[in-house]
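For reference, the structure discussed in these notes is given below.
The structure displayed is predicted, hence computed values, not measured ones. Numbers restart at 1 for each chain; the letters A, B, ... are given by sequence-line order, proteins then strands.
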There are 4 protein chains.
Amino acid sequence: MPEAATMERPAQAAPEVGGIAADRLRSVIERIERLEEERRQLGEDIKTIYAEAKGAGLDVKVVRQIIGIRRKEPAEVEAQETLLDLYRRALGM
Amino acid sequence: MPEAATMERPAQAAPEVGGIAADRLRSVIERIERLEEERRQLGEDIKTIYAEAKGAGLDVKVVRQIIGIRRKEPAEVEAQETLLDLYRRALGM
Amino acid sequence: MPEAATMERPAQAAPEVGGIAADRLRSVIERIERLEEERRQLGEDIKTIYAEAKGAGLDVKVVRQIIGIRRKEPAEVEAQETLLDLYRRALGM
Amino acid sequence: MPEAATMERPAQAAPEVGGIAADRLRSVIERIERLEEERRQLGEDIKTIYAEAKGAGLDVKVVRQIIGIRRKEPAEVEAQETLLDLYRRALGM
DNA sequence: AGTCGATTTTTGGGAC
DNA sequence: GTCCCAAAAATCGACT
């Protein structure tokens, strides 16, 4: 969509309603809605894989747990390693 | 709650507005608001202790980290120990 | 890093390392953790009331909205509603 | 708990223990993790658009409300607004 | 910039 | 087994 946007108040190219740039508002909303739709679709894809996994005899619940743990683990490992350091710093050592 | 103050419409003890038990609605809201106020106050108390800690030379940020880690740690330790089991169960072993 | 077992309550390892500051650190942590526990309990109480409200036929989400509205300044509430109307009109909704 | 290093990517330990199911488990986990990463990226893209909108003078919170309203069925939107009005009147707000 | 409180989405559990 | 509801987690905007 080329450059009509810079024409601020001609009758129809870039209407303002109550001081709002309607085109910009509409553009923002439509772009977000489109990305949210893609996001929702990915959610469905993920569900499909879980369903396949279940069909293949895997325990979906524990697969979920595994993925959850893998997601959190790096932070947790680091937290463990940092704990003593934190105490020492808190005590000003 | 039998207080005279709640009798906005003197004609009735338990007025309904549009099918809503107004007394009950009001009671729910007031109780929640009261608990939220207590909750907010505790938040302030906690802030005060952090301020004292800072005055005593402790590093507030790391004290926060320590408390955060202590809060999460039992779950994390357990998660670590459970991981291999999860894989085995997911594989049906 | 010796024996994971000794890390379970790290506050106990501190007293010797930092002199008086270690005691203070422990005190700060324990007081905050106690207040946070009270705070958590209040959160549960609030949840219980919402559950009762639901059982009494109230729409919990709308009750939440009401509480949110009462929490804000009236002017702020109106400003927001006005802006929402404005945007809706800009979009022709 | 011996040798933390071998636990970092537990999926690699699996192939030998469960035969073909281990491969399937790994595949499932990796495909899901990939989709989740794409999903996370879309979340960031959405955030970026909101930031742009804010920079353009739009009220992000209200834009969010608009999107929420458009997502719901019109009947649902009205039902909720009606209920809110009802509760407000029951409370004399 | 980092925290906090609140809302919304996701996940696990239970009823039918 | 499928659907709904409650608990948990992630996310967002506000404030400091």
Side-chain angles (χ1 to χ4, degrees), chain A residues 32 35-37 39-40 42-47 50-51 54-55 59-69 71-72 75-76, chain B residues 32-33 35-51 53-54 59-65 67-68 71-72 75-76 79 86, chain C residues 32 35-36 39-40 42-55 59-73 76 79-80 83, chain D residues 32 35-37 39-51 53-55 58-69 71-72 80:
Chain A
I32 289 171
L35 292 176
E36 284 188 346
E37 168 57 21
R39 200 158 173 278
R40 193 198 56 74
L42 283 173
E44 302 235 324
D45 294 349
I46 290 170
K47 254 186 220 161
Y50 277 118
K54 181 175 183 175
D59 183 323
V60 168
K61 182 173 172 181
V62 298
V63 173
R64 243 180 231 285
Q65 285 182 272
I66 289 166
I67 289 173
I69 289 170
R71 192 187 301 130
K72 289 180 194 165
E76 294 180 4
Chain B
I32 290 172
E33 284 179 342
L35 292 176
E36 284 188 347
E37 169 57 21
E38 289 181 46
R39 202 159 170 278
R40 194 197 57 74
Q41 181 58 50
L42 282 173
E44 301 234 325
D45 294 348
I46 291 170
K47 260 187 213 155
T48 301
I49 296 180
Y50 276 118
K54 181 175 184 176
D59 183 324
V60 168
K61 184 173 174 179
V62 297
V63 173
R64 250 179 228 284
Q65 285 183 272
I67 290 173
R71 191 187 301 128
K72 289 179 194 165
E76 293 178 5
L86 288 180
Chain C
I32 289 173
L35 292 176
E36 285 188 344
R39 204 156 168 283
R40 194 198 55 73
L42 282 173
E44 302 234 323
D45 295 348
I46 291 170
K47 218 186 287 182
T48 300
I49 296 179
Y50 275 118
E52 286 175 19
K54 182 174 185 174
D59 183 318
V60 169
K61 186 168 180 178
V62 177
V63 172
R64 252 178 226 282
Q65 281 184 275
I66 295 277
I67 289 173
I69 288 168
R70 285 161 63 102
R71 196 185 295 131
K72 291 181 199 163
E73 295 294 309
E76 193 182 347
Q80 176 119 332
L83 203 50
Chain D
I32 289 173
L35 292 177
E36 285 188 346
E37 169 57 20
R39 203 159 170 280
R40 193 198 57 73
Q41 181 59 50
L42 282 174
E44 301 233 324
D45 294 347
I46 291 170
K47 219 187 287 184
T48 301
I49 296 179
Y50 275 118
K54 182 175 184 174
L58 292 172
D59 183 317
V60 169
K61 185 169 181 178
V62 177
V63 173
R64 250 177 227 283
Q65 281 184 275
I66 295 276
I67 289 173
I69 289 168
R71 195 186 297 132
K72 291 180 198 164
Q80 176 120 332

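Closest approach to the C:R39 side chain among E:dG5, F:dC12, F:dA7 is made by E:dG5 (side chain taken as heavy atoms from C-beta onward). Among the nucleotides E:dT3, E:dG12, F:dA8, the one closest to the side chain of B:K61 is E:dT3. When distances run from any side-chain atom of D:V60 to the nucleotides F:dG13, E:dT3, E:dG12, the shortest one goes to F:dG13. For C:K54, the listed nucleotide lying nearest its side chain is F:dC5; candidates were E:dT7, F:dC5, F:dG13.
Two residues are said to be in side-chain contact when any heavy atoms from C-beta on lie closer than 4.5 Å; C:I66 and C:R70 meet this criterion. Using a 4.5 Å heavy-atom cutoff, the side chains of A:I67 and A:V63 are in contact. Looking only at side-chain heavy atoms (C-beta outward), B:E38 and C:D45 stay at 4.5 Å or farther from each other.
Atom-to-atom, CD1 of D:I69 to C1' of E:dT7 comes out at 15 Å; the value is rounded to the nearest Å. Across the protein-nucleic acid pair, D:I49 atom CD1 and F:dT11 atom P stand 17 Å apart, rounded to whole Å. F:dA14 atom C1' lies 10 Å from atom CD of C:E76, rounded to whole Å. For the pair D:E36 CD and F:dA10 C1', the interatomic distance rounds to 12 Å; values are reported in whole Å. In this structure, CD of D:Q65 is placed 9 Å from P of E:dT8, rounded to the nearest angstrom. Atoms CD1 (A:I46) and C1' (E:dT11) sit 13 Å apart, rounded to a whole Å. The CG atom of D:D45 sits 14 Å away from the P atom of F:dT11 (whole-angstrom rounding). Taking atom CZ on C:R64 and atom C1' on E:dG5, their separation rounds to 12 Å, with Å as the unit.
Between C:K47 and D:K47, the residue whose closest nucleotide on DNA chain F is further toward the 5' end is C:K47. Nearest-nucleotide assignment on DNA chain E puts the 5′-proximal partner with B:E44, out of A:R71 and B:E44.
No more than 12 heavy-atom neighbours from other residues, nucleotides or ligands sit within 6.0 angstrom of NZ on A:K54.
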Derivation and outcome, side-chain contact (heavy atoms from CB on, under 4.5 Å), residues D:R40 and D:E37: CA-CA 5 Å; D:R40 193 198 57 73; D:E37 169 57 20; 2.7 Å; yes
